[in-house]
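Below, each value reflects all heavy atoms present in this structure, side chains not excepted, and no hydrogens, waters or symmetry copies.
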Amino acid sequence: MRIHSGEWRPGTRIPFEHELVAAYGCSRATVSKALGALARAGLIERRRKAGSFVAHPQVHSAVLDIPDLAQIIAARGEAYRWKRTLRREAGAEDGPFPLPAIRVDGVHFGGGEPFALERRLIALASVPDAAGKAFVEEAPGAWLLHHVPWTSARHQIRAVEATRAEAAALGLRARSACLELDRTTWRAGEMVTQVRQLFRGDRFDLVAEFRPGGVLR
């Protein structure tokens, strides 16, 4: 179908019911039933008075993984882009973190739209090579995953309301629901990085599978 093939990209307006009836030569009841099934499957969004639109697919990430957002977005068939908005030497105002360190802020884009905001601190004692990286073309998280092995991590996940500035950066209304992920990673007991990522609540979730006695993933 045109959605799965990528012909109709996320955000594309689906023809109105009468247009689909004419195009496919079927009854309006059949078209309505098909659109209802697509909506229940999460493939389209039905907006009152505006019509139906191809939905942005929900991204799932395992809770215990440290995902590369570029790979996740590319895997769902969307173009990925990173935009750095800040890079500076970190200080006491950035919170409790081993100094010297650098702070890098930016926005992850998927399919041309904001996907997540990121604020990251990188400890230069553990990652001295980061001092020479501008992180303009490549997000620091992706670079760290490919260059700096980690041995332990801690996640803190919660639902939050976006501030006015955060909502504007994500293309949302002020106080929209978002998913906040705070993660710290260590290597052999030394802190490597601490990151806060803010995701649109309608585009991303974190999952884990369990069995008695442990986590599957």
R200 and E180: CA distance, side-chain angles, deciding distance, salt bridge (Lys or Arg N to Asp or Glu O under 4.0 Å) verdict: CA-CA 9 Å; R200 293 180 54 128; E180 179 188 76; over 6 Å; no
Distance from R103 atom CZ to E89 atom CD, nearest 0.5 Å? 13.0 Å
To the nearest 0.5 Å, what is the distance between OH (Y24) and CD (E19)? 11.5 Å
Could you walk me through whether E138 and H146 pass the side chain to side chain contact (heavy atoms under 4.5 Å, CB included) test, one step at a time? CA-CA 11 Å; E138 183 179 22; H146 293 120; 4.2 Å; yes
Sorted by chain and residue number, the side-chain hydrogen bond (donor to acceptor under 3.5 Å, both in side chains) partners of R187 (sequence neighbours excluded) come out as none
Check step by step if salt bridge (Lys or Arg N to Asp or Glu O under 4.0 Å) holds for R196 and D182. CA-CA 4 Å; R196 175 186 183 263; D182 279 293; 5.1 Å; no
Are R88 and D94 ion-paired here, with the side-chain N under 4.0 Å from a carboxylate O? yes
How long is the straight-line distance from CD1 of I122 back to CE of M191, given to the nearest 0.5 Å? 13.5 Å
Pair F135 and W143, ring centroids less than 6.0 Å apart: yes
Just by distance, do the side chain of R84 and the backbone of D105 share a donor-acceptor pair under 3.5 Å? no
Within the side chain of T151, is there an N or O that forms a donor-acceptor pair under 3.5 Å with the backbone of W186? yes
Using a 3.5 Å distance criterion without hydrogens, assess whether the side chain of S176 forms a donor-acceptor pair with backbone atoms of A162. no
Do R87 side-chain atoms and K133 backbone N/O form a donor-acceptor pair below 3.5 Å? yes
Rounded at 0.5 Å granularity, tell me how far CD in Q197 sits from SG in C178. 13.0 Å
Drop me the distance from W150's CH2 to R183's CZ, to the nearest 0.5 angstrom. 8.5 Å
Quick check for you: to the nearest 0.5 Å, what is the distance between E17 atom CD and S52 atom OG? 7.5 Å
Compute the ring centroids of F199 and F115, then answer whether they are less than 6.0 Å apart. yes
Using a 6.0 Å cut-off, check whether atom CZ of R173 has over 12 heavy atoms from anything other than its own residue. no
Is there a path of hydrophobic side-chain contacts, each under 4.5 Å between heavy atoms of I/L/V/M/F/W/Y residues, joining L117 to Y80? no
